[in-house]
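This report refers to the structure that appears directly beneath it.
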Amino acid sequence: MMSHSRCEESAMNSSSMWLPRLPGLAQENGNLTEDEKCRSVSVAFPVTMMVTGMVGNALALLLVYKSYHRKDNKRKRSFLIFIGSLALTDMTGQLLTSPIVISVYLSKRQWRLVDPSGHLCAFFGLCMTIFGLCPLFLANAMAVERTLAIRAPHWYSNHMTARLTKAVVLFIWGCVILFAMLPIAGAGKYTLQWPGTWCFISTGDAPISGNTIFALTFAGLGTCSLIVTFGCNLATIKGLVTRCKTRTSASQTSRQWERITVETMIQLMGIMCVLFACWSPLLIMMLKMIFSHTSAEKCKTQDTALEKECKLFLTAIRLASLNQILDPWVYLLLREILLQKFCQVANAVSNCSNEGQKTAHEKEEIQSKLQTSAA
């Protein structure tokens, strides 16, 4: 971690880090070894994220495919379609963006060596916007779907079909793609961000401009999506608790309902924690940079006052990218695998504890009998 921060600090203090340099310059300055170290350490981060995300989303897609074709999962098909769409979106985003980041790191963080024309920067910013908002809106749609299933079960069973769910997914994808293409029409701009390894929405320098409005709209849509998801999940948890309290009998169905309620509440709490932890820093940093009229152009300077803010913005975008890795686990894999293993371990520990208590009690009885016979 220290080595990685040194690499970024060295890039921050370099006045020509945004300009392409000839390969021989590093050798002439005697910095080739340090550059190679920085490059190897830096490239490990996007490679690890890409591999981890691909494995998680591939497992989620496989599990969704198997569950979707089961006859006993007809009522869960809407939820499975949302999960599969989310995993497919996250995987596509990683496939399109991670190789570009890796190539830039291998080029010693010199974007212009990889993208002399600048068109790749616009494409990268477009992908970051699409695959940033789509997961948020899909999470939003899933939260609404779960709330309707618990709070309005009759309407849900009559109207929430697989065809409607697919239409909602296509609508989300279409609207986000159209929004992300606005900079191509002149409303907004995608620019190279510090330390020159990725492109994203320009926050703008003027108080009112197309860049500022576009960036503010992105931050506003993301914030509203988080609020709606949070509110719907709370409503779902409240509905689950209410329905669980009404089942006062000690039947097998009631105990099964209590188990499902606990698992769903844990899953929903995990979803909210992951979403807020991954996306809140980026949205807050964007709003802060918009209202302070700070952009990537100011991060290029050697002003030490902006160094902390630039590093925080880079950390925030990494947390948002981490959401693509965590999504399949908190939505599906965590519930299907980890919770089952946790219950098995808990049962095993409980059984061992009971057996240990029985064994200790038996030993005490034997010892008391021995003492009685000896007396």
Side-chain angles (χ1 to χ4, degrees), residues 45-70 73 75-99 101 127-146 149 162 165-166 168-170 172-173 176 222 225-226 229-230 232-233 236 260 262-282 317-343:
F45 187 83
V47 169
T48 303
M49 290 189 66
M50 182 181 71
V51 173
T52 308
M54 293 292 294
V55 171
N57 286 297
L59 288 175
L61 284 173
L62 180 62
L63 191 56
V64 166
Y65 179 80
K66 290 183 177 180
S67 300
Y68 186 82
H69 289 85
R70 292 178 185 170
N73 280 341
R75 294 183 178 181
K76 298 180 180 180
R77 285 190 173 179
S78 294
F79 181 74
L80 293 173
I81 290 173
F82 280 129
I83 285 289
S85 302
L86 180 63
L88 182 62
T89 301
D90 289 335
M91 180 180 291
T92 305
Q94 290 169 338
L95 282 173
L96 293 178
T97 58
S98 294
V101 177
C127 291
M128 291 289 288
T129 304
I130 292 175
F131 300 107
L133 284 180
C134 274
L136 282 176
F137 288 153
L138 288 173
N140 200 339
M142 277 186 282
V144 174
E145 185 264 348
R146 288 292 86 191
T165 307
K166 293 176 182 178
V168 172
V169 172
L170 293 176
I172 291 174
W173 282 345
V176 173
S225 179
L226 288 180
T229 302
F230 184 78
C232 288
N233 285 341
T236 303
I260 295 174
V262 173
E263 290 181 1
T264 305
M265 288 175 61
I266 293 174
Q267 186 188 28
L268 292 176
M269 293 299 295
I271 290 170
M272 289 190 291
C273 292
V274 169
L275 276 177
F276 274 82
C278 291
W279 277 101
S280 295
L282 177 62
I317 197 66
R318 284 174 176 169
L319 284 174
S321 301
L322 188 64
N323 186 65
Q324 295 178 334
I325 299 174
L326 297 177
D327 271 343
W329 294 97
V330 297
Y331 278 104
L332 192 65
L333 299 178
L334 178 65
R335 182 176 182 179
E336 296 291 337
I337 299 175
L338 298 184
L339 283 178
Q340 292 180 4
K341 295 297 181 183
F342 175 78
C343 292

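Computed from a predicted structure; not experimentally measured.
Residues in residues 81-91 take part in these side chain to side chain donor-acceptor pair (under 3.5 Å) pairs, two or more places apart or across chains: Thr89-Trp173.
Taking every heavy atom of both residues into account, Leu326 and Cys278 meet most closely at CD1-SG, 4.1 Å. Of all heavy-atom pairs between Asn323 and Pro135, the closest is ND2-CB, 4.5 Å. Of all non-hydrogen atoms in Leu136 and Gly132, the two that sit nearest each other are CG-O, 3.6 Å. Met49 and Gln94 make their closest contact through O-NE2, 4.1 Å (heavy atoms, listed as atom of the first residue, atom of the second, distance). The shortest heavy-atom contact between Phe131 and Gln324 is O-NE2, 3.5 Å.
Crowding of Phe276 atom CZ: a count of heavy atoms from other residues, nucleotides or ligands under 6.0 Å exceeding 12.
Legend: residues meeting side chain to side chain contact (heavy atoms under 4.5 Å, CB included) with Thr48, ordered by chain and number and at least two apart, are Thr52. In this structure, the side-chain hydrogen bond (donor to acceptor under 3.5 Å, both in side chains) partners of Thr236, at least two apart in sequence or on a different chain, are Thr147. Considering only residues two or more places apart in sequence or on other chains, Ile130 meets the side chain to side chain contact (heavy atoms under 4.5 Å, CB included) condition with Leu126, Cys134, Val176, Ile177, Ala180. Qualifying side-chain hydrogen bond (donor to acceptor under 3.5 Å, both in side chains) partners for Asn233, counting only residues two or more places apart in sequence or in other chains: none.
Remark: Asp327 CG to Asn57 CG distance equals 7.5 Å, nearest 0.5 Å. Here the OH-CG distance, from Tyr68 to Leu61, works out to 14.0 Å after rounding to the nearest 0.5 Å.
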Inset, instruction - Begin with the C-alpha distance, continue with both residues' side-chain angles, and end with the deciding distance and a verdict on side chain to side chain contact (heavy atoms under 4.5 Å, CB included) for Leu62 and Lys66. - result: CA-CA 6 Å; Leu62 180 62; Lys66 290 183 177 180; 4.1 Å; yes
Inset, instruction - Apply side chain to side chain contact (heavy atoms under 4.5 Å, CB included) to Phe230 and Leu275, showing your working. - result: CA-CA 9 Å; Phe230 184 78; Leu275 276 177; over 6 Å; no
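Between the Ser98 side chain and the Met50 main chain, no donor and acceptor come within less than 3.5 Å of each other.
Under the 4.5 Å side-chain criterion, counting only non-hydrogen atoms from C-beta, Thr165 is not in contact with Phe79. Contact annotation: the side chain of Pro328 never approaches that of Leu59 to less than 4.5 Å [non-hydrogen atoms, C-beta and beyond]. When side chains are defined from C-beta on, Met128 counts as touching Ile317, because their heavy atoms get closer than 4.5 Å.
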Got a list of side-chain donor-acceptor pairs under 3.5 Å for residues 137-144, not counting sequence neighbours?
none

